[in-house]
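No hydrogens, no waters, no symmetry mates; every other heavy atom, side chains included, goes into these values. Every chain is numbered from 1 and lettered A, B, ... according to where its sequence line falls, protein lines coming before strand lines.
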2 protein chains.
Amino acid sequence: MNVTGHTRRSASIRDVATAAGVSYQTVSRVINDSPSVKPSTRDRVLAAIDELGFRRNSTALALASGRSRAVTVLTSNTTHYGYASILQGIEEAARAVSYDVGVGVLESADAADEAAVAAQVRRAADAGGGLIVIAYDPAGVRALGAVPAGLPVVGVVETPASPPGGDRPWVWTDDREAAYEVTRHLLALGHETVHYVAIPSSTRRTGARTTGWLQALREAGAPEPRPVQGSWGPAGGHAAGLRLAKDPGVTAILCGNDDLALGVIRALHETGRTVPGEVSVAGFDDAPHSAYLTPSLTTVRLDFTGLGRSAFALLHGVLEDSAPIAPHPVSVPELLVRESSGPPPGRR
Amino acid sequence: MNVTGHTRRSASIRDVATAAGVSYQTVSRVINDSPSVKPSTRDRVLAAIDELGFRRNSTALALASGRSRAVTVLTSNTTHYGYASILQGIEEAARAVSYDVGVGVLESADAADEAAVAAQVRRAADAGGGLIVIAYDPAGVRALGAVPAGLPVVGVVETPASPPGGDRPWVWTDDREAAYEVTRHLLALGHETVHYVAIPSSTRRTGARTTGWLQALREAGAPEPRPVQGSWGPAGGHAAGLRLAKDPGVTAILCGNDDLALGVIRALHETGRTVPGEVSVAGFDDAPHSAYLTPSLTTVRLDFTGLGRSAFALLHGVLEDSAPIAPHPVSVPELLVRESSGPPPGRR
DNA sequence: GCTATGAATGTGACCGGTCACACCAGGCGC
DNA sequence: GCGCCTGGTGTGACCGGTCACATTCATAGC
């Protein structure tokens with residue numbers, strides 16, 4: 001209808017009001033479906049809304065009401081499979097209730113220094129709405145710690161060493177249990193012990209996966225080798241694998257994630273050790289490609305997407321204080337035995 | 001200072017104004033560093049800002065000024081390595097100029113149907129700010145098409161078949177050239193021809209990668225087999241690999257991405273064909289793990305992070321109409337020859 | 001018949017900024 | 001000595017909603 005097509009600012013509630021012959025407040029009541037609007041009036045308003053193509057301005061809503069129907073996800077990296085899956089789960093749950101999802105990456109070029117992390121937290125806090133911090137690694141933990149009190153926040157964390165005090169808004173998958181399971185699987189195959197290549201833990205001491213691994217070793221009375229510190233990527237696994245390959249006593253290696261396992265397998269291959277013939281390797285996370293590796297990777301699947309959904313649900317409950325902080329629906333990790341694990345050399 | 005610690009609403013410009021003994025407008029001038037403020041006044045205001053811990057409310061800014069210093073990224077999936085890297089690049093560039101980054105996932109549970117995509121675009125549009133659509137696949141392309149005219153948007157697309165008309169706000173990496181390079185590499189090894197397992201293309205007909213592959217075949221006068229339609233994940237590659245493995249004439253396979261290549265290699269392995277002994281396989285994208293596969297994967301690296309940065313830079317230029325749409329800084333794809341490609345069987 | 005009650009609707013202020021414009025002083029030109 | 005410009009500052013309206021409260025009208029209770 002107007003020639004200068006674009007930038008025709010969209011209709012406001014006052015436009016709708018005049019079109020429907022009511023006051024703007026009545027329009028506000030209709031879009032918030034307040035019960036105290038006469039059905040006939042409501043219909044007139046709805047018709048006007050439809051005709052003018054009215055859409056409620058979320059910015060104005062946020063400013064006026066204080067609540068912003070938005071959540072910011074803080075993560076050290078978006079490309080790791082697990083993190084990306086959590087993000088996707090959060091988005092899915094958020095979309096279902098019309099929340100916007102923002103992302104902040106902590107891993108800055110300058111090595112995730114304290115100041116940069118703090119700045120990101122401030123930015124996220126400024127954005128209003130809630131906060132979900134993926135606190136699996138040092139940067140994430142630092143961020144979670146830097147969140148000012150009073151801000152609605154949910155942490156996605158490793159299995160806490162002890163059940164968190166009361167109503168801590170945290171979610172996690174049971175990766176301690178998962179590590180325990182895989183380790184037991186390897187021990188059951190006849191390995192004398194299981195070595196562990198760790199991911200950078202969220203805590204200074206030992207992460208949940210390390211704990212689960214150790215627990216299984218102890219219960220079996222197996223020797224407890226020192227965990228090898230890896231990084232996140234396959235390169236770290238490769239380095240760790242080269243070191244472990246030097247020790248002929250190593251017959252089973254558990255890795256903190258599938259990428260590490262990949263690097264370890266590669267290193268073993270380069271040093272002429274066969275998998276699973278001489279050394280068994282198991283991963284963690286069940287990345288999409290792990291089933292298609294050669295050998296396919298024994299690993300344990302964690303429901304990251306579900307974890308993201310839970311995290312959002314929890315935050316949503318806090319924001320609308322409807323739900324009294326739901327119990328963390330910890331999904332059960334699923335052990336996937338594939339080709340990369342088998343009995344130790346002279347034992348079949 | 002106050003006992004009920006939280007919810008102490010942060011200072012507004014009027015608070016700062018009274019503290020500094022000036023009007024709120026002067027405070028506004030200071031935070032927007034307008035030149036027409038007497039230095040002494042400015043100092044007083046800055047001191048007050050500092051003391052009260054004032055931070056400009058971005059919601060109010062957006063409402064009052066119209067511009068929102070935010071960008072929403074629409075992608076069909078956050079877990080694909082390429083997409084996640086683009087997102088990370090965008091976030092990095094956005095953070096540098098204090099823009100917020102939102103994400104919308106197109107791949108809904110109900111198979112990315114038209115209506116869901118349109119809804120996501122509407123939501124993103126409502127969020128204000130700019131839009132970056134990752135339009136490498138059908139869902140993304142549909143989303144890009146559904147963006148209403150007049151909305152600032154940048155598309156991350158496949159290499160266009162023809163140079164885009166004038167100043168289309170698009171960015172891309174030269175994946176046609178990349179495909180051309182890999183194909184030539186395989187042909188140069190002595191393969192009679194190269195088969196292709198395609199990713200779902202953004203266009204109904206043939207994608208840029210397919211085009212580059214075909215171009216290399218034509219120039220070499222090689223037979224032009226029909227591309228095998230794959231999906232994104234390794235499962236699709238596996239299925240395609242099983243089909244290709246039946247044909248003893250197949251000695252070289254190019255895959256639309258590294259995950260497909262992984263599936264193909266797995267399928268070849270299962271059917272008893274060796275890589276690269278009997279069949280050479282090459283991928284696309286250089287995912288982080290590709291170098292650590294056994295055999296390590298010949299592939300071509302595309303700078304996704306840089307692509308994301310470019311996309312944001314372009315959008316930023318549009319939003320602040322400062323830059324007159326910069327030339328798309330197409331980074332050069334880098335061919336990485338690794339173990340998975342070699343000469344064909346009786347030819348060395 | 002007159003007020004108490006409640007359903008339906010309207011009014012004004014407000015959230016925290018920006019924008020357009022008004023205002024006021026002082027220096028300059030004539 | 002008057003007008004004009006210009007640097008520095010203040011005022012009011014506005015963005016598009018929400019919130020608290022006021023108002024209107026019909027019905028019920030006495």
Side-chain angles (χ1 to χ4, degrees), chain A residues 7-46 48-49 52-70 98 100 125-129 319-320, chain B residues 7-46 48-49 52-70 98 100 125-129 319-320:
Chain A
T7 319
R8 182 180 55 238
R9 213 177 53 253
S10 59
S12 77
I13 55 168
R14 318 206 186 221
D15 300 330
V16 174
T18 51
V22 296
S23 77
Y24 55 82
Q25 177 59 12
T26 299
V27 177
S28 174
R29 290 197 180 93
V30 170
I31 59 185
N32 289 303
D33 31 48
S34 146
S36 63
V37 177
K38 207 198 303 182
S40 64
T41 311
R42 175 187 308 275
D43 290 347
R44 271 212 325 285
V45 171
L46 287 176
I49 285 178
L52 297 179
F54 167 81
R55 323 207 68 219
R56 175 220 246 113
N57 180 321
S58 59
T59 305
L61 170 63
L63 179 59
S65 68
R67 31 199 156 83
S68 74
R69 300 191 75 74
S98 300
D100 286 337
D126 280 359
L319 288 175
E320 323 242 303
Chain B
T7 319
R8 184 180 52 237
R9 212 175 54 254
S10 58
S12 77
I13 55 168
R14 318 206 187 220
D15 300 331
V16 174
T18 50
V22 296
S23 76
Y24 54 81
Q25 177 59 15
T26 299
V27 177
S28 174
R29 289 196 181 93
V30 169
I31 60 185
N32 290 301
D33 31 49
S34 147
S36 63
V37 177
K38 207 199 299 184
S40 63
T41 311
R42 173 185 311 274
D43 290 347
R44 271 213 323 286
V45 172
L46 286 177
I49 285 179
L52 297 179
F54 168 82
R55 322 207 68 219
R56 176 219 245 114
N57 179 322
S58 60
T59 305
L61 170 62
L63 180 59
S65 68
R67 30 200 157 82
S68 72
R69 300 192 75 75
S98 300
D100 286 336
D126 280 0
L319 287 175
E320 323 243 302

### Query
Of B:Gly21 and B:Ala60, whose nearest nucleotide on DNA chain D comes first from the 5' end?
B:Gly21

### Message
Within the 4.0 Å heavy-atom criterion, would you say B:Leu61 contacts the bases, only the backbone, or no part of the nucleic acid?
### Response
sugar-phosphate

### Query
Side-chain N or O of B:Arg67 less than 4.0 angstrom from OP1 or OP2 on C:dT18?
no

### Message
Just the rounded figure in Å: distance from P of D:dG8 to OH of B:Tyr24.
### Response
21 Å

### Task
Establish, with yes or no, whether the OP1 or OP2 oxygen of C:dG16 is under 4.0 angstrom from a side-chain nitrogen or oxygen of B:Ser12.
no

### Phosphate-side-chain proximity, B:Asn32 and C:dT18, N/O vs OP1/OP2 below 4.0 Å
yes

#### Entry: Along DNA chain C (nearest heavy atom to each residue), the more 5'-positioned of B:Gln25 and B:Thr59
B:Thr59

### Task
Please determine, for the side chain of B:Ala64, which listed nucleotide (C:dC21, C:dG17, D:dT18) has the closest atom?
C:dG17

### Query
Reckon A:Ser65 has a side-chain N or O less than 4.0 Å from the OP1 or OP2 of D:dT18?
no

### Query
Which listed nucleotide (D:dG10, C:dC19, D:dC21) is nearest to the side chain of A:Arg29?
D:dC21

### Summary
Testing C:dT11, D:dG16, C:dT18 for proximity to the side chain of A:Ser23, the answer is C:dT11

### Query
Mind checking whether B:Leu319 and B:Arg69 have side chains closer than 4.5 Å, heavy atoms only?
no

## Note on the structure
Of the candidates D:dG10, C:dT9, C:dT18, the side chain of A:Thr26 sits closest to C:dT9

### Query
Does the D:dG16 base have a donor-acceptor partner in the side chain of A:Arg56 within less than 3.5 Å?
no

### Query
Can you check the B:Arg14 CZ to C:dT18 P distance for me, whole Å?
10 Å

### Query
By a strict heavy-atom criterion of less than 4.0 Å, which residues belonging to residues 35-46 of chain B are in contact with DNA chain D?
B:Ser36, B:Val37, B:Lys38, B:Thr41

### Query
D:dC15, C:dT11, D:dT11: which one has an atom nearest the side-chain heavy atoms of B:Leu63?
D:dC15

### Query
Given D:dG17, is OP1 or OP2 found less than 4.0 Å from the side-chain N or O atoms of A:Arg55?
no

